[in-house]
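Predicted, not measured: the structure shown is a model, and the values here were computed from it.
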Amino acid sequence: MSNNQISLPAKLINGGIAGLIGVTCVFPIDLAKTRLQNQRNGQRTYTSMMDCLIKTVRSEGYFGMYRGAAVNLTLVTPEKAIKLAANDFFRSYLSRNGKGLTISGEMLAGCGAGLCQVIITTPMEMLKIQLQDAGRLAQQRLILPTSLSNKVVATNPVLSRAYVSLAAVTRPMSATQIAKDLFYSQGFRGLYKGLGATILRDVPFSVIYFPLFANLNKLGQNSVDGRASIVHSFLSGCIAGSIAAVAVNPCDVIKTRFQSLHRGANEEAYSGIVDCARKIWRNEGPSAFLKGSCCRALVIAPLFGIAQVIYFVGIGEFVLGFSHFEVY
């Protein structure tokens with residue numbers, strides 16, 4: 001197989017394996033990130049990531065930290081596969097003249113990858129957020145006065161019957177049930193609530209991450225075969241991932257708030273992305289846009305570090321019987 005060719009199936013396998021391993025390792029931190037981003041000033045259930053994880057284990061058990069993991073593990077394979085494979089495809093296409101990629105070309109490839117992945121990312125995040133945040137609402141219900149705790153409501157009135165006080169039920173609803181209710185009440189539009197906010201987060205993330213990783217990784221390439229070591233690739237993925245994650249965290253806060261179907265007592269609803277950003281700024285100040293940023297960096301860094309290791313090893317190429325190669 002030529003070094004200038006890309007095996008799309010191999011890249012899809014690599015991306016899928018990387019996603020499964022990465023999500024399994026960092027999902028509890030992602031859960032903490034969602035709950036921290038959704039809580040408002042004056043109604044703080046958790047003071048930090050560790051406080052959130054400790055309270056989650058105490059109230060929901062060890063597997064409470066993995067609430068919503070099933071939908072993520074199911075959809076992360078196509079999501080990460082599309083993201084990583086699309087970036088490789090666009091990079092290869094844009095550098096087909098043999099002159100290599102400029103920074104603007106790398107950013108354009110990342111933009112294309114971000115746009116492609118939202119097809120899977122939006123419904124995956126939509127379902128995951130409902131499951132992850134249910135524990136926060138239940139915890140808030142326990143510590144607030146009865147008159148306020150009964151105000152945990154669905155922001156979507158069509159779903160009120162199906163989601164009557166989600167925090168009050170002892171058995172959490174499944175992702176399948178949530179997806180069915182959304183589909184029956186709103187069709188595919190319900191599953192893609194927050195599509196614009198997801199694009200607002202994922203496109204800038206990819207524009208920052210992929211060029212940054214490619215250039216960091218080049219610093220470790222040796223003169224023999226032009227490849228960086230596995231450790232250097234891992235660290236490059238971690239550094240690029242954490243920087244990109246923190247840079248787009250304000251967009252992630254908006255997306256998380258906007259996609260939440262339920263809100264606690266006295267928590268405002270949002271009519272759109274601009275309305276969400278305006279209310280967060282007015283009611284909670286600019287620091288609110290950095291909520292969960294440390295958690296997000298801790299999630300994304302190893303997730304993409306692992307992804308680059310899987311690509312380095314070339315599991316997909318090995319499975320399909322191709323010789324290993326790298327495209328940056």
Can you confirm whether [X] sits close enough to [Y] that some side-chain heavy atom of one is under 4.5 Å from a side-chain heavy atom of the other?
X: I254; Y: F289; answer: yes
X: D202; Y: K255; answer: no
X: L53; Y: M65; answer: yes
X: Q130; Y: M126; answer: yes
X: Q132; Y: F27; answer: yes
X: Y192; Y: T198; answer: no
X: L36; Y: Y46; answer: yes
X: Q117; Y: I120; answer: no

Heavy atoms only: give me the nearest [X]-[Y] pair and the separation to one decimal.
X: E284; Y: S287; answer: O-OG, 4.0 Å
X: N249; Y: S293; answer: OD1-CA, 3.4 Å
X: L212; Y: A240; answer: CD2-CA, 3.7 Å
X: F90; Y: C116; answer: CE1-SG, 4.0 Å
X: A288; Y: I280; answer: CB-CG2, 3.6 Å
X: G64; Y: L31; answer: O-CD1, 3.5 Å

Rounded to the nearest 0.5 Å, how far does [atom2] of [Y] lie from [atom1] of [X]?
X: L127; Y: Q259; atom1: CG; atom2: CD; result: 9.0 Å
X: T74; Y: L20; atom1: OG1; atom2: CG; result: 9.0 Å
X: I315; Y: I17; atom1: CD1; atom2: CD1; result: 4.5 Å
X: C295; Y: R35; atom1: SG; atom2: CZ; result: 12.0 Å
X: N87; Y: F213; atom1: CG; atom2: CZ; result: 10.0 Å
X: L131; Y: Q177; atom1: CG; atom2: CD; result: 11.5 Å

Taking the six-membered ring for Trp, are F89 and Y93 parallel (under 30°), tilted (30 to 60°) or perpendicular (over 60°)?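 Rings of F89 and Y93: parallel, under 30°.
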Just by distance, do the side chain of [X] and the backbone of [Y] share a donor-acceptor pair under 3.5 Å?
X: N14; Y: G316; result: yes
X: D30; Y: R296; result: no
X: K55; Y: T45; result: yes
X: S242; Y: C238; result: yes

Show, in sequence, the C-alpha distance, side-chain angles and deciding distance for R40 and N38, and conclude whether the side chain to side chain contact (heavy atoms under 4.5 Å, CB included) test is met. CA-CA 7 Å; R40 276 59 160 177; N38 261 334; 3.9 Å; yes
Will you find, in the side chains of [X] and [Y], an N or O donor that is under 3.5 Å from an N or O acceptor?
X: E106; Y: N215; value: yes
X: T56; Y: R67; value: no
X: T34; Y: D133; value: no

Got a salt bridge between R282 and E268, using NZ or NE/NH1/NH2 to carboxylate O under 4.0 Å?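 A salt bridge is absent here (no side-chain N lies under 4.0 Å from a carboxylate O).
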Presence of salt bridge, E79 and K128, under 4.0 angstrom: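 Salt bridge: no.
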Report whether [X] and [Y] are members of the same hydrophobic cluster (ILVMFWY, side-chain heavy atoms less than 4.5 Å apart, transitive linking).
X: I119; Y: V71; answer: yes
X: L216; Y: I103; answer: no
X: I310; Y: V231; answer: yes
X: L290; Y: V248; answer: no
X: I306; Y: V309; answer: yes

Residue R58 excluded, over 12 heavy atoms near CZ under 6.0 Å: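 Open.
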Run the side chain to side chain contact (heavy atoms under 4.5 Å, CB included) check on T121 and K83 step by step: do they pass? CA-CA 10 Å; T121 304; K83 185 186 188 81; over 6 Å; no
Decide side chain to side chain contact (heavy atoms under 4.5 Å, CB included) for L73 and T24; before the verdict, give the C-alpha distance in whole Å, the side-chain angles of both, and the deciding distance to 0.1 Å. CA-CA 8 Å; L73 290 171; T24 302; 3.6 Å; yes
Among R257, R201, K291, whose salt bridge (Lys or Arg N to Asp or Glu O under 4.0 Å) with D252 holds?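 Only one option passes, and that is R201.
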Stepwise side chain to side chain contact (heavy atoms under 4.5 Å, CB included) check, T122 with L191: CA-CA 7 Å; T122 304; L191 291 172; over 6 Å; no
Would you confirm whether the ring centroid of F205 sits within less than 6.0 angstrom of the ring centroid of F304?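 They qualify: ring centres under 6.0 Å apart.
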